[in-house]
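See structure below.
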Amino acid sequence: MSQWQLFDSDQDDDRIVNTVIDAFRDMYETFFKNELLVNHDLPIEIRAFRHTDMWRIFLLLTPWTLARIFLPEREPGIQMPKGWLASERINAPNTVIGPAIPLEILGGKEQAHLNYHLKVGHYFIQPLIQSMAQFKTPDDAFYAWNEVIKTRDKVIETQKKSCAWQKEVSRREFFGRLRRKS
């Protein structure tokens with residue numbers, strides 16, 4: 001039996017997106033609805049959804065963060081940390097950011113945090129913006145992230161470096177317009 005609870009790989013992208021939004025809406029209602037440092041004017045929204053290697057990758061905007069999500073399509077070949085089996089997480093206290101795990105994506109190395117939600121299964125989250133207070137709209141938050149991408153790309157270019165993963169991220173996230181809102 002697998003240590004990983006994976007989202008059904010036969011599901012179409014719309015169902016996956018809707019399930020993730022529903023799961024994060026549950027988190028908002030349960031853990032963040034009454035928090036002062038959360039921007040309650042922002043929706044839960046997904047953009048730049050794509051399949052890469054063995055991952056479904058997308059940007060997730062919530063009232064408390066803008067993050068990149070890595071949802072494995074199959075067992076990722078990563079040893080499950082102690083205390084993170086699905087059966088152990090069901091009754092565990094909420095963990096916003098789980099243990100940091102190195103991931104290999106498109107020949108590059110990334111680091112993301114393991115998380116679990118009953119509706120989604122195991123996934124990895126990479127926080128990009130952790131304070132949403134300054135943003136009035138989702139477009140404001142995504143514009144801020146696009147500016148980070150532009151700056152990073154300029155630095156990579158001036159240093160004459162190349163990274164397939166960063167090119168894919170930049171192209172997809174800067175131009176990606178798939179939007180789903182709560």
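Along the sequence shown, residues are numbered consecutively beginning with 1.
- For Val38 against Trp64, the heavy-atom pair with the smallest separation is CG2-CB, 4.1 Å.
- Taking the six-membered ring for Trp and the full ring otherwise, Phe32 and His40 have centroids separated by 6.0 Å or more.
- Considering all non-hydrogen atoms of both residues, Asn39 and Ala133 come closest at ND2-O, 4.0 Å.
- Atom CZ of Phe7 and atom CD1 of Ile16 lie 5.5 Å apart (nearest 0.5 Å).
- Tyr143 is not connected to Met132 by any chain of hydrophobic side-chain contacts under 4.5 Å among Ile, Leu, Val, Met, Phe, Trp and Tyr, and they are in different clusters.
- Contact of the Leu61 side chain with the Leu59 side chain is not registered, since no non-hydrogen atoms from C-beta on lie closer than 4.5 Å.
- At a threshold of 4.5 Å between non-hydrogen side-chain atoms, the residues Pro63 and Glu35 do not count as touching.
- Scored by the side-chain contact (heavy atoms from CB on, under 4.5 Å) test, Lys119 finds Thr19, Asp22, Ala23, Asp26, His117 as partners (sequence neighbours excluded).
- When atom types are taken as modelled, the side chain of Asn115 and the backbone of Tyr123 share no donor-acceptor pair closer than 3.5 angstrom.
- To the nearest 0.5 Å, atoms CZ (Arg47) and CZ (Phe58) are separated by 14.5 Å.
- The aromatic rings of His122 and Trp4 sit perpendicular to each other, their planes meeting at more than 60°, with 30° as the lower class boundary.
- The shortest heavy-atom contact between Arg56 and Pro72 is NH1-O, 3.9 Å.
- For Asp41, there are no side chain to side chain donor-acceptor pair (under 3.5 Å) partners at least two apart in sequence or on another chain.
- Between Phe124 and Trp55, the ring-plane angle classifies as perpendicular under the 30° and 60° cut-offs.
- Linking ILVMFWY side-chain heavy atoms closer than 4.5 Å, directly or via other members, places Met27 and Leu37 in two distinct hydrophobic clusters.
- Under a hydrophobic-cluster definition in which Ile, Leu, Val, Met, Phe, Trp and Tyr are linked whenever side-chain heavy atoms come within less than 4.5 Å, directly or via other members, Ile21 and Val96 are assigned to the same cluster.
- Closest heavy-atom contact between Ala112 and Gln126: CB-CB, 4.3 Å.
- Linking Ile, Leu, Val, Met, Phe, Trp and Tyr residues whenever their side-chain heavy atoms come within less than 4.5 Å places Leu118 and Trp84 in a single cluster.
- One hydrophobic cluster, built from ILVMFWY side chains closer than 4.5 Å, holds both Val148 and Ile129.
- Contact annotation: the side chain of Ile69 never approaches that of Val20 to less than 4.5 Å [non-hydrogen atoms, C-beta and beyond].
- Evaluation of the salt bridge (charged side-chain N to carboxylate O under 4.0 Å, His left out) test over residues 79-107, restricted to residues two or more places apart or in two chains, returns Glu104-Lys109.
- The closest donor-acceptor contact from the side chain of Gln3 to the backbone of Met80 lies under 3.5 Å.
- A search for side chain to side chain donor-acceptor pair (under 3.5 Å) contacts involving Glu29 returns Lys33, not counting sequence neighbours.
- In this structure, Leu114 and Ile78 have side chains that are not in contact, with every pair of non-hydrogen atoms separated by 4.5 Å or more.
- At distances below 3.5 Å, not a single donor-acceptor pair connects side-chain atoms of Asp13 with backbone N or O atoms of Phe49.
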Taking it one step at a time, do Leu66 and Phe135 satisfy side chain to side chain contact (heavy atoms under 4.5 Å, CB included)? CA-CA 11 Å; Leu66 175 65; Phe135 304 115; over 6 Å; no
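- For Thr137, the side chain to side chain donor-acceptor pair (under 3.5 Å) test picks out Asp140, with sequence neighbours left out.
- Side-chain atoms of Thr62 and Leu42, non-hydrogen and from C-beta on, never get closer than 4.5 Å to each other.
- Separation of atoms NE2 (His113) and CD1 (Ile125) is listed at 8.5 Å; rounding is to 0.5 Å.
- You'll find the side chain of Tyr116 stays beyond 4.5 Å of the side chain of Leu85, heavy atoms only.
- When the side chain to side chain donor-acceptor pair (under 3.5 Å) test is applied to Arg15, the partners found at least two apart in sequence or on another chain are Gln11.
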